[in-house]
2 protein chains.
Amino acid sequence: MTDVAELLRSKGIKATAQRVAIYQALASQGHVSAEDVFDSLFNKMPMLSLATVYTTLRRFCEVGLADEMVVSNDRIYFDINTDFHHHFVCESCGSIYDIDIPFCSILKSKEIQGLKIKRFSGIFYGICKRCRS
Amino acid sequence: MTDVAELLRSKGIKATAQRVAIYQALASQGHVSAEDVFDSLFNKMPMLSLATVYTTLRRFCEVGLADEMVVSNDRIYFDINTDFHHHFVCESCGSIYDIDIPFCSILKSKEIQGLKIKRFSGIFYGICKRCRS
DNA sequence: ACAATTTGTCAAGAATTATTTTTAAGTAAA
DNA sequence: TTTACTTAAAAATAATTCTTGACAAATTGT
C-alpha cells in the first residue's frame, strides 16, 4: 500500500480510497477548503460526495493529521501543517500562505492572566504579490 | 443630540435611531454578534430586523467604528475596539476577552516577504477561568 | 466471513446576504 | 420655522451558501 494508507492506519483510522485521495489533495495544496478538495478530485472520483470530504477532513483534524483554520466566515480551511506557524490571507484573491517569521515567545504561552491557552492563531491580512500588479 | 449621533455623523453616515441603539449595544458589550445585538435590543425596538443589524455593523466597520473578528466559522463577531490588540476565545463557553500583552513589533509590519499587510489577527484559544472550575 | 467504520444520498439547519418597497434623515429654500 | 426634496437606510421577505445529520449500503481490517 501507499505511504498515505500506512499513515492513516498508524493514526488508528481506516485507509479507504477516498481518504487517501483526500489526504493527497490536502498535502499537495497545503491549505484547502472542502470544496477545493472535492473539485480537485472530481475527475478521479466522480462518486465522491462533498459530505464525505467534510467528515474526512474533520476526522484528519481529530487524529492530528491536519488543523482547522478560521480565516474568514464564509469557508472553513484545513492545513496540512500542524506545526506552530502564522498565515497570510490575500483579501483580494483569497490565497493563503504560510508565514515564517520569528515568533514572540509569549505567543506560545500556555497560560496568560489565568486563562489556559491551548493554541494560537496568527493571521496577516493583505494583498499578495500577484494581486498588486 | 447624543454623543453617538454626533459620532456617526462625523463618520459621514446618517444617525438613525437604530444605528444609535446598535452602536450603544456594541459599545456596552465590546464583542458582539449580530444576534447578540438583535436580542439585546428586542425589548426596546421590537421592529428592528436582523438584516438591519447585519448591514449596520458592516457599515460601522467600513467607516472605522468597529472591526470584524473571525474567531470561529459559525458566527461573525464585531469589536468596538479598533486598536491593535489580541483576543482570547474560550472554547467552552465562547466568551471573548481582549488580551493586552507586549507585541512583537513584527506583527505590526506593513510588508512581509513582498506581501502588503493591512492588518493582523491574533487569537488565543483555550479555557477561561470560569470554565476551569 | 464478521464486526465496525465509512461512504453516499438526501435533506435539514443555520448564518448571512440580496432585493424590493417603504420610511426617515439631512439639507436647503420659502 | 416650516416645507419640500434628495438620498440613505429600515423592514420584510427571499434566497444563498456552507455545513451537518440520519440512515441504508458498501468497504475495511482482523
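Since this is a predicted model, take the numbers as computed values, not measurements. Chain letters run A, B, ... following the sequence lines, proteins first, then strands; residues in each count from 1.
The CZ-P distance, from R75(B) to dC18(D), rounds to 18 Å in whole Å. Between the CG atom of D36(A) and the P atom of dC18(D) there is a distance of 11 Å, given to the nearest Å. Per the geometry, CG belonging to D74(A) stands 17 Å off C1' belonging to dA15(D), to the nearest Å. Atom CZ in R58(A) sits roughly 8 Å away from atom C1' in dT19(D) (whole-Å rounding). Between the P atom of dC18(D) and the CG atom of L57(A) lies a distance of 15 Å, rounded to the nearest Å.
The list of disulfide (SG to SG under 2.5 Å) pairs with a residue in residues 88-129 of chain A, not counting sequence neighbours, reads C104(A)-C104(B).
Cation-pi check for K108(A) over F84(A) is met; the charged atom lies under 6.0 angstrom from the ring centroid and within 45 degrees of its normal.
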Dump the intermediate steps for side chain to side chain donor-acceptor pair (under 3.5 Å) on H31(A) and D36(A), then the final yes or no.
CA-CA 9 Å; H31(A) 311 105; D36(A) 290 337; over 6 Å; no
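Between F60(B) and Y23(B), a ring centre-to-centre spacing shorter than 6.0 Å is recorded. The aromatic ring centres of F88(A) and F124(A) sit 6.0 Å or more apart.
For the pair V70(A) and I76(A), the minimum side-chain heavy-atom distance is 4.5 Å or more. Annotation: side chain of Y125(A) is not in contact with side chain of K118(B) (no heavy-atom distance under 4.5 Å). Side-chain atoms of L65(B) and L8(B), non-hydrogen and from C-beta on, do get closer than 4.5 Å to each other. A 4.5 Å side-chain heavy-atom check between T55(A) and R59(A) finds every atom pair outside the cut-off.
Contacts between residues 65-73 of chain A and DNA chain D, counted as heavy-atom distances below 4.0 Å, involve no residue at all. For DNA chain C, no neighbouring residue in residues 26-33 of chain B is found when judged by any heavy atom under 4.0 Å.
Heavy atoms of A34(B) sit nowhere under 4.0 angstrom from any nucleic acid atom. Here A51(B) lies in heavy-atom contact (under 4.0 Å) with a base.
Residues passing the ring pair (Phe, Tyr, Trp, His ring centres under 6.0 Å) test with Y54(A), sequence neighbours excluded: none.
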Nucleotides 2-10 of chain D: protein proximity per nucleotide (B base, S sugar-phosphate only, - neither; heavy atom, under 4.0 Å)
-----BBSS
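Of the two residues near DNA chain D, L50(A) and A17(A), the one whose nearest nucleotide lies more 5' is L50(A).
Note that the first and last nucleotides of DNA chain C, 5' to 3', having any atom under 4.0 angstrom from a heavy atom of chain A are dA4(C) to dT16(C).
Using a 4.0 Å cut-off between a side-chain N of Lys or Arg and a carboxylate O of Asp or Glu, K11(B) and E6(B) do not qualify as a salt bridge. Electrostatic pairing of R132(B) and E111(A) counts as a salt bridge here, judged by a charged N lying under 4.0 Å from a carboxylate O.
The heavy-atom pair separating F120(A) from H86(A) by the smallest distance is CE2-NE2, 3.8 Å.
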